[in-house]
Trainee: 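Let me give you the structure first, and then I'll get to my questions.
Counting starts at 1 for both ligands and their atoms, following the listed order. Hydrogens, waters and symmetry mates are skipped; everything else that's a heavy atom, side chains included, is used.
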Amino acid sequence: MQHRKLCFIGAGNMAGAIISGLIESGYPANLISVCAPSGKNRDPLAEKYGVKSSDDNIGCAKEADVVVLAVKPQLMADVCKTLQKDVDFSGKLVLSIAAGVKVARFKELLGDNLNIVRIMPNTPSLVGQGMSGLYAPEEVGQQDRDYTSDLMTAVGKVCWVDSEDGINHVIAAAGSAPAYFFLFMEAMQAEAERLGFSTDTARMLVEQAASGASALVAASPDTPLSTLRENVTSKGGTTFEALKVFTDQKLPEIVSQAMQAAIKRAQEMEKLF
Ligand SMILES: NC(=O)C1=CN([C@@H]2O[C@H](COP(=O)(O)OP(=O)(O)OC[C@H]3O[C@@H](n4cnc5c(N)ncnc54)[C@H](OP(=O)(O)O)[C@@H]3O)[C@@H](O)[C@H]2O)C=CC1
Ligand SMILES: O=C(O)[C@@H]1CCC=N1
């Protein structure tokens with residue numbers, strides 16, 4: 001992949017996950033800078049990975065070929081307005097990882113000719129297992145699309161969406177999704193502890209069951225998920241009884257409602273920020 005000079009504006013959970021994944025995959029540390037007002041998140045990244053840490057958004061953005069906007073959506077307008085005053089974005093690629101801030105809004109904030117790709121990543125990027133949705137408006141060139149694909153492929157898998165609404169659908173299915181699985185695993189660990197397992201053993205049981213199930217899915221690309229479920233479910237057995245509780249409590253409907261709630265919030269954010 002091409003190694004362009006990258007500047008992250010924001011050094012939080014998601015920027016940190018991408019930076020860590022990039023360095024692990026061989027992206028040169030001396031081409032990465034990370035900016036945030038305080039040193040609490042960016043300094044550990046600099047210490048661990050040798051990237052440049054700074055509180056100077058403008059200076060770092062000026063020097064970069066690619067500016068990654070990685071602040072909370074509610075801060076995006078203020079951050080962009082400050083950048084817009086002093087940074088010439090022509091010739092640069094801007095990547096936004098923010099939920100709920102549309103390309104049209106970035107053009108309002110940073111200029112009509114902005115060359116921008118939206119990325120919706122997730123935190124497993126930290127361990128090279130990310131899932132990112134990518135959207136670019138028509139005018140973005142193939143080289144920039146390829147660079148963005150390569151960048152995020154370095155930390156996981158990518159999927160392009162044709163319309164910007166697709167980014168909100170990626171949020172529901174992948175961006176927010178690690179938290180759904182963590183909640184499920186937390187509930188399982190808590191019950192395992194109530195059954196008498198130590199915290200460590202309860203976590204190991206749940207963690208290994210989850211990562212084993214996930215590895216089995218990955219190793220069985222032609223097998224529907226329903227078949228993998230059926231393979232565990234003996235007639236008259238224990239799994240059947242456990243799954244009956246989930247279906248009686250309408251788990252599929254709950255999942256659908258949760259994913260729709262994430263989309264609805266992203267749409268609200270698009271109006272707010
Ligand atoms: N977390 C996730 O799983 C995902 C998050 N996203 C998106 O990523 C973006 C960041 O989220 P997340 O990483 O969770 O947020 P965090 O709260 O973890 O990090 C926000 C970062 O922004 C920095 N910051 C605040 N103000 C400024 C400023 N004026 N200039 C530069 N940096 C600033 C903070 O600085 P300091 O370090 O000093 O506090 C912090 O490093 C959001 O837009 C979110 O929608 C997308 C997909 C998944
Ligand atoms: O919760 C959020 O808004 C962000 C976007 C996807 C995951 N975290």
Trainee: Just go through Ile167, Val170, Val79 and tell me whose heavy atom is the nearest to atom 29 (N) of ligand 1.
Mentor: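 Result: the heavy atom closest to atom 29 (N) of ligand 1 is in Val79.
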Trainee: Can you confirm, on distance only, whether ligand 1 has an N/O atom lying under 3.5 Å from any N/O atom belonging to Ser38?
Mentor: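 Yes; at least one N/O pair falls below 3.5 Å.
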Trainee: Using the salt bridge (charged side-chain N to carboxylate O under 4.0 Å, His left out) rule, take Asp150 and Arg4 through it: C-alpha gap first, then chi angles, then the decisive distance, then the call.
Mentor: CA-CA 11 Å; Asp150 290 348; Arg4 303 190 196 174; over 6 Å; no
Trainee: Does a side chain donor of either Glu193 or Gln189 reach within less than 3.5 Å of an acceptor in the other side chain?
Mentor: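 Present: a donor and an acceptor within the cut-off.
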Trainee: Rounded to the nearest 0.5 Å, what's the gap from CG on Leu95 to CD1 on Ile116? Could you check?
Mentor: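 Going from the CG atom of Leu95 to the CD1 atom of Ile116 covers 8.0 Å.
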Trainee: State the atoms of ligand 1, each with its element, that fall below the 4.0 Å cut-off from a heavy-atom position in Lys72.
Mentor: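 By the 4.0 Å cutoff, the relevant atoms are 11 (O), 12 (P), 14 (O), 15 (O), 16 (P), 17 (O), 42 (C), 43 (O).
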Trainee: Quick one: does Lys40 get an N or O within less than 3.5 Å of an N or O on ligand 1?
Mentor: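 Yes, Lys40 has an N/O under 3.5 Å of an N/O on ligand 1.
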Trainee: With heavy atoms of Pro73 as the reference, note each atom of ligand 1 found under 4.0 Å away.
Mentor: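 Every atom of ligand 1 under 4.0 Å from some heavy atom of Pro73: 42 (C), 43 (O), 45 (O).
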Trainee: Any carboxylate oxygen within less than 4.0 angstrom of a Lys/Arg side-chain nitrogen, looking at Glu63 and Lys92?
Mentor: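 No.
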Trainee: Relative to the heavy atoms of Met120, which atoms of ligand 1 are at a distance of less than 4.0 Å?
Mentor: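 Every atom of ligand 1 under 4.0 Å from some heavy atom of Met120: 46 (C), 47 (C).
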Trainee: Between Asn41, Val71, Asp78, flag the one that comes closest to atom 42 (C) of ligand 1 by a heavy atom.
Mentor: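 Selected option, by shortest heavy-atom distance: Val71.
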Trainee: Among residues two or more places apart or on two chains, list those pairs meeting ring pair (Phe, Tyr, Trp, His ring centres under 6.0 Å) that have a residue in residues 189-231.
Mentor: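 Qualifying pairs: none.
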Trainee: What distance do Leu93 atom CG and Leu114 atom CG have between them, rounded to the nearest 0.5 Å?
Mentor: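 Leu93 CG to Leu114 CG: 9.0 Å, rounded to 0.5 Å.
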Trainee: Please identify which atoms of ligand 1 are closer than 4.0 Å to at least one heavy atom of Leu75.
Mentor: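 Numbered from 1, ligand 1 contributes 25 (C), 26 (N).
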Trainee: For ligand 2, list the protein residues that place a heavy atom within a distance below 4.0 Å of one of its atoms, sorted by chain and number.
Mentor: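 Within 4.0 Å of ligand 2, protein side: Ala99, Gly175, Ser176.
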Trainee: Only heavy atoms of Ala11, strictly under 4.0 Å: list the atoms of ligand 1 that pass.
Mentor: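 Numbered from 1, ligand 1 contributes 21 (C), 40 (C), 41 (O).
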Trainee: Under 6.0 Å from the NZ atom of Lys107, do we count more than 12 heavy atoms belonging to anything else shown?
Mentor: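 More than 12 within 6.0 Å, yes.
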Trainee: Mind checking what makes side-chain hydrogen bond (donor to acceptor under 3.5 Å, both in side chains) contact with Arg265, not counting sequence neighbours?
Mentor: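 Once residues adjacent in sequence are excluded, the partners of Arg265 under the side-chain hydrogen bond (donor to acceptor under 3.5 Å, both in side chains) criterion are Glu268.
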Trainee: Which protein non-hydrogen atom lies closest to atom 23 (C) of ligand 1, naming both residue and atom, and how far is it?
Mentor: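 Answer for atom 23 (C) of ligand 1: Gly10 CA, 3.9 Å.
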Trainee: Can you tell whether the side chains of Glu191 and Arg194 come within less than 4.0 Å, N to carboxylate O?
Mentor: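 Answer for the salt bridge query: yes.
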Trainee: Any chance the side chains of Asp165 and Ser163 put a donor and an acceptor closer than 3.5 Å?
Mentor: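 Short answer, no.
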Trainee: Got the closest protein heavy atom to atom 13 (O) of ligand 1, with its distance?
Mentor: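 Going by distance alone, atom 13 (O) of ligand 1 is nearest to Met14 N, 2.8 Å.
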Trainee: Any donor and acceptor pair, going by atom type alone, linking the side chain of Ser125 with main-chain N or O of Asn122 inside 3.5 Å?
Mentor: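 Confirmed, Ser125 side chain pairs with Asn122 backbone.
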Trainee: Say whether, by atom type as modelled, one donor and one acceptor occur between the side chain of Tyr180 and the main chain of Ala173 under 3.5 angstrom.
Mentor: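 No, Tyr180 side chain to Ala173 backbone: no donor-acceptor pair under 3.5 Å.
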Trainee: Find all atoms of ligand 1 within a distance of less than 4.0 Å from any non-hydrogen atom belonging to Ile9, and give their numbers and elements.
Mentor: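 That gives atoms 31 (C) of ligand 1.
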Trainee: In the protein, which heavy atom is nearest to atom 45 (O) of ligand 1, and how far is it?
Mentor: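 Looking at atom 45 (O) of ligand 1, the protein heavy atom closest to it is Ala99 N, 3.0 Å.
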Trainee: Using a 4.0 Å cutoff against the non-hydrogen atoms of Ala98, which atoms of ligand 1 qualify?
Mentor: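 Here the atoms of ligand 1 in question are 43 (O), 45 (O).
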Trainee: Quick one: side-chain hydrogen bond (donor to acceptor under 3.5 Å, both in side chains) pairs with a partner in residues 11-35, sequence neighbours left out?
Mentor: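 Passing the test, one end in residues 11-35: Ser20-Tyr49, Tyr27-Tyr147.
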Trainee: I'd like the name of whichever of Ala174, Gly12, Pro37 reaches closest to atom 33 (C) of ligand 1 through any heavy atom.
Mentor: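 When every heavy atom of Ala174, Gly12, Pro37 is considered, Pro37 comes closest to atom 33 (C) of ligand 1.
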Trainee: Cys35 heavy atoms, cut-off 4.0 Å: which ligand 1 atoms fall inside?
Mentor: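 Listed by number with element: 31 (C), 32 (N).
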